[in-house]
Amino acid sequence: MNEYRNRWIEDVARALRLEAEERGIEPPEAEIVPATPPKTELGDLAFPMFPFAKTFGMSPALIAEAVVSRLGRSDAGEAHAAGPYVNVRYPRAQVASSVLSACICSDRAYGRNERLAGERVMIEYSSPNTNKPLHLGHLRNDALGESVSRILAACGAQVRSVNLINDRGIHICKSMLAYQEFADGDTPERRGVKGDAFVGDYYVRYEQWAREDPGVEERAREMLRKWEAADEEVVALWRTMNDWVLEGHAATYEATGIRFDALYFESETYTSGKAEVLRGIEEGVFTRQADGSVWVDLSPINLDRKILLRGDGTSVYVTQDIGTVIARYRDWPFDRMIYVVASEQNYHFRVLFHVLGLLGYEWAGQLHHLSYGMVNLPDGRMKSREGTVVDADDLIAELRELAVTEIRAKDREEAVGDVAATAHAVAIGALHYYLLQVTPAKDMIFNPKESLSFTGNTGPYLQYMCARINSMLRKADEQGVAPQESAVQTDRLDTEVEWELVRLIARYPQVVEQAGADYSPAAIAGFLYDLAKTFSGYYHDHPILTAPEPSLRDARLGLARAILVVLRNGLELLNIPYLAIM
RNA sequence: GCGCCCGUAGCUCAGCUGGAUAGAGCGUCGGACUUCGAAUCCGCAGGUCGCAGGUUCGAAUCCUGCCGGGCGUACCA
């Protein structure tokens with residue numbers, strides 16, 4: 001459909017030029033940018049004539065008429081004047097047939113593009129602490145990271161997803177200390193709970209404990225010192241508890257379809273970066289203060305100054321990130337690196353990227369912080385102290401139970417077969433759609449009640465449309481009426497809504513490309529909902545399997561099949577499970 | 001104070017990078033299952049697009065200033 005568009009832009013430009021010539025006027029300079037008319041009846045492309053009114057000394061409507069009389073019609077469609085607009089209508093049957101066949105033939109590859117072909121993109125997301133289970137904030141992070149990874153891969157990039165696990169530090173020692181003090185050798189297995197939840201309980205326990213006895217704070221610091229000194233007992237405990245947590249996190253990733261190509265552990269990299277900072281002093285880009293601490297001047301980027309090494313020579317957060325990104329670049333030289341990290345850390349990444357530039361890494365300009373907003377509850381921020389943090393596993397379990405209830409209520413147990421698996425897929429679909437429909441940069445409110453809903457603008461709605469189309473195609477097969485692709489007579493698709501659906505299918509590849517350029521799964525979510533909603537209205541009013549004539553039935557089945565292709569591919573990019581039956 | 005982000009229907013969110021009457025979902029109310037699966041569809045109601053200027057033929061969209069909110073601005077990560 002792009003060819004048509006480009007051709008019409010040229011044609012309209014030429015017509016305007018000729019018109020100007022004939023009137024002895026300077027050809028108009030304004031760029032010709034087509035828009036989309038608000039309704040399909042008006043056409044498929046709209047050229048507003050307002051910008052040319054001044055140079056022509058004519059009303060936009062008159063210009064539109066003059067332009068149209070020069071354009072006439074061609075095999076690329078026909079133009080007509082609609083007030084101040086030149087509207088173009090494509091040859092529908094022709095376009096429909098090329099769109100549908102491209103979609104159905106490409107099948108799982110439909111929507112892919114080569115925009116980022118050959119580009120190596122590393123993307124970091126999740127990055128949990130190993131002292132507690134994943135919570136709702138991680139779920140947004142994971143959903144975004146996973147989806148953006150898939151979108152970039154669909155744009156042709158070679159993507160490597162990594163998870164930097166924060167497995168060391170004072171917060172880790174806190175849960176360890178509480179465990180030592182209170183657990184009496186208990187284990188997750190013995191208690192029959194997930195390892196991350198088990199350890200998380202001790203973290204909470206520590207917080208209570210520290211409130212009653214301020215002295216424990218010092219004991220935690222002491223433990224950290226021992227850990228850094230590789231004290232055997234402390235390291236052994238650390239290893240055991242970390243493994244518990246990692247196992248628990250892995251189970252949650254598994255349940256949510258989150259994958260990584262590599263795991264990085266902060267415990268292995270936290271001392272790196274220091275050498276880089278020291279090199280920076282030699283090169284004069286950092287300065288050392290009398291107490292031995294090292295600073296970077298950030299006034300070039302309108303910030304203050306920032307410490308890079310403490311007086312005692314130990315690293316801070318930025319220093320570590322300097323080290324890890326350099327190490328990663330060595331492991332796997334990338335053309336671009338994306339950090340999926342909450343907006344709280346905007347400042348941190350501005351500093352990090354600037355510092356890497358100062359250190360002379362030319363790829364510093366290829367680092368991006370995909371900043372996303374906070375997830376709040378209807379009555380405010382999640383607070384671990386007040387116990388309002390929404391646990392990831394609990395939420396998923398709740399969604400799953402609700403889905404089971406739905407399946408039973410609709411009496412679909414038999415049709416569905418594996419109720420548990422289907423319910424889980426619905427739960428994940430609801431969750432991911434809910435988290436991804438919002439523009440990443442915006443804070444969002446997580447309304448538990450709303451998130452538990454499966455009706456309306458939701459993931460299950462999209463899954464349901466897939467299931468319905470599937471069901472139709474299955475029946476067509478059973479009745480032996482499944483059409484050959486080549487046999488589809490697209491001129492039978494002559495209603496406005498059918499044309500609208502064809503246009504949506506044709507637009508999908510561009511949506512993927514745009515979503516890749518903007519790192520915005522929300523763009524895909526919005527598009528899929530549009531498509532599903534339009535189709536839903538359509539098949540309600542237009543019988544498909546039971547269409548009055550075979551050629552009409554076949555054409556509609558072809559359309560439905562193409563829509564299924566798009567929905568399925570799109571859902572995959574959002575990490576929403578596809579269901580043939582639900 | 002300074003920096004970044006955000007203000008669109010009662011609530012949660014869209015709005016194709018400046019174009020035709022600002023759209024969905026939820027919620028309220030009212031309709032549609034002997035008809036391809038009602039996790040569906042259709043209709044009603046609901047808006048000074050935070051406010052004020054500016055740019056433009058044309059602004060929810062771009063610029064400036066206010067007002068309101070969030071997050072930062074640590075020798076925490």
Side-chain angles (χ1 to χ4, degrees), chain A residues 33 35-39 42 46 48-54 59-60 82-85 87 127 129 166 168-171 266 270 291 293-295 301-304 306-312 314-318 320-321 342-348 350 371 373-374 376 378 381 403 406-407 409-410 412 415 426 430 434 437-439 441-447 449-451 453-458 460-461 463-465 467-469 471-476 507 510-511 514 518 522-523 525-527 529-530 533 536-547 553 556 560 581-582:
Chain A
V33 272
T36 308
K39 283 182 179 167
L42 291 166
M49 291 296 119
F50 304 102
F52 312 110
K54 203 175 269 173
S59 76
Y85 293 89
N87 285 347
S127 306
N129 293 332
N166 296 301
R168 65 158 289 280
I170 189 74
H171 52 297
E266 208 182 278
Y270 79 104
D291 66 350
S293 58
V294 179
W295 297 77
I301 53 169
N302 261 328
L303 297 175
D304 204 351
K306 173 81 186 169
I307 193 159
L308 296 177
L309 282 179
R310 298 188 184 99
D312 63 6
T314 56
S315 298
V316 293
Y317 180 37
V318 222
Q320 292 173 37
D321 263 1
S343 59
E344 303 173 288
Q345 299 195 30
N346 287 353
Y347 170 86
H348 168 74
R350 284 187 64 189
S371 167
M374 314 259 85
N376 295 314
R381 207 175 158 156
E406 281 297 302
I407 292 167
K410 295 177 200 311
R412 297 279 304 165
V426 170
Y434 190 89
Q437 71 185 136
V438 180
T439 307
K442 288 191 180 180
D443 287 352
M444 66 179 287
I445 293 179
F446 180 87
N447 187 325
K449 226 196 262 162
E450 216 176 86
S451 77
S453 152
F454 299 152
T455 60
N457 189 355
T458 63
Y461 177 86
Q463 293 172 312
Y464 179 70
M465 280 312 135
R468 291 301 304 274
I469 295 174
S471 159
M472 279 182 248
L473 295 176
R474 218 164 33 238
K475 286 212 164 88
R507 192 149 66 86
Q510 294 155 45
V511 171
Q514 192 65 47
D518 298 343
F527 169 83
Y529 179 68
D530 267 356
K533 183 174 166 53
S536 186
Y538 166 68
Y539 88 99
H540 203 267
D541 300 335
H542 300 76
I544 293 178
L545 264 185
T546 52
R553 177 198 62 208
R556 288 177 174 175
I581 300 174
M582 68 185 274

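Convention: sequence-line order gives letters A, B, ...; per-chain numbering from 1. Source: prediction; values computed, not measured. Because only heavy atoms are used, hydrogens play no part in the values below, and waters and symmetry mates are left out as well, while side chains stay in.
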Using only heavy-atom distances, decide whether a donor-acceptor pair under 3.5 angstrom links the side-chain of D541(A) to the base of A32(B). no

Taken to the nearest whole Å, CG/D443(A) to P/G70(B) is 10 Å

**Prompt:** So does D304(A) reach the base of C2(B) with its side chain, donor to acceptor, closer than 3.5 Å?
**Reply:** no

Quick note, V438(A) side chain, CB onward, closest among C26(B), C41(B), A14(B) is A14(B)

Side-chain atoms of E450(A) come closest, of A77(B), U12(B), C41(B), to U12(B)

Whole-Å distance, I581(A) CD1 to A39(B) P, equals 15 Å

Assigned chi class of U17(B) under the 90° convention is syn

Distance to the ring centre below 6.0 angstrom and angle to the axis at most 45 degrees; does that hold for R507(A) and F527(A)?
no

Touch check for Y85(A), heavy atoms < 4.0 angstrom, all strands: base, sugar-phosphate only, or nothing?
base

### Task
Report which part of the nucleic acid N129(A) touches: base, sugar-phosphate, or nothing (heavy-atom distance under 4.0 Å, all strands).
nothing

### Query
Does the side chain of K442(A) get closer than 4.0 angstrom to OP1 or OP2 of C6(B) through an N or O atom?
no

Sugar-phosphate, base or nothing in reach of K449(A), heavy atoms under 4.0 Å
nothing

* Would you classify S536(A) as touching base, sugar-phosphate or nothing, given that sugar-phosphate means primed atoms plus P, OP1 and OP2, and contacts are heavy atoms under 4.0 Å? => sugar-phosphate

Margin query: Within the 4.0 Å heavy-atom criterion, would you say A467(A) contacts the bases, only the backbone, or no part of the nucleic acid?
Written below: base

What interatomic distance, in whole Å, is found between C1' of A9(B) and the corresponding atom of G27(B)?
-> 12 Å

D321(A) near the nucleic acid: base, sugar-phosphate alone, or nothing, with a heavy-atom cut-off under 4.0 Å? nothing

- Could you check whether T439(A) gets within reach of a base, just the sugar-phosphate, or nothing at all, counting any heavy atom under 4.0 Å? sugar-phosphate

* To do: Indicate, with a heavy-atom threshold strictly under 4.0 Å, whether K475(A) touches base, sugar-phosphate, or nothing.
  => sugar-phosphate

Kindly indicate, with the supporting measurements, whether the criterion ring-ring contact (aromatic ring centres under 6.0 Å, His included) is fulfilled by F454(A) and Y464(A). CA-CA 10 Å; F454(A) 299 152; Y464(A) 179 70; over 10 Å; no

If the cut-off is 4.0 Å, is R468(A) near the phosphate of C41(B), judged by side-chain N/O to OP1 or OP2? no

Item to complete: Would you indicate what A46(A) reaches in the nucleic acid, counting non-hydrogen atoms under 4.0 angstrom: base, sugar-phosphate, or nothing?
Response: base

* Base, sugar-phosphate, or nothing for V426(A), non-hydrogen atoms under 4.0 angstrom? -> base

Of C13(B), U40(B), C36(B), the nucleotide closest to the side chain of T546(A) is C36(B)

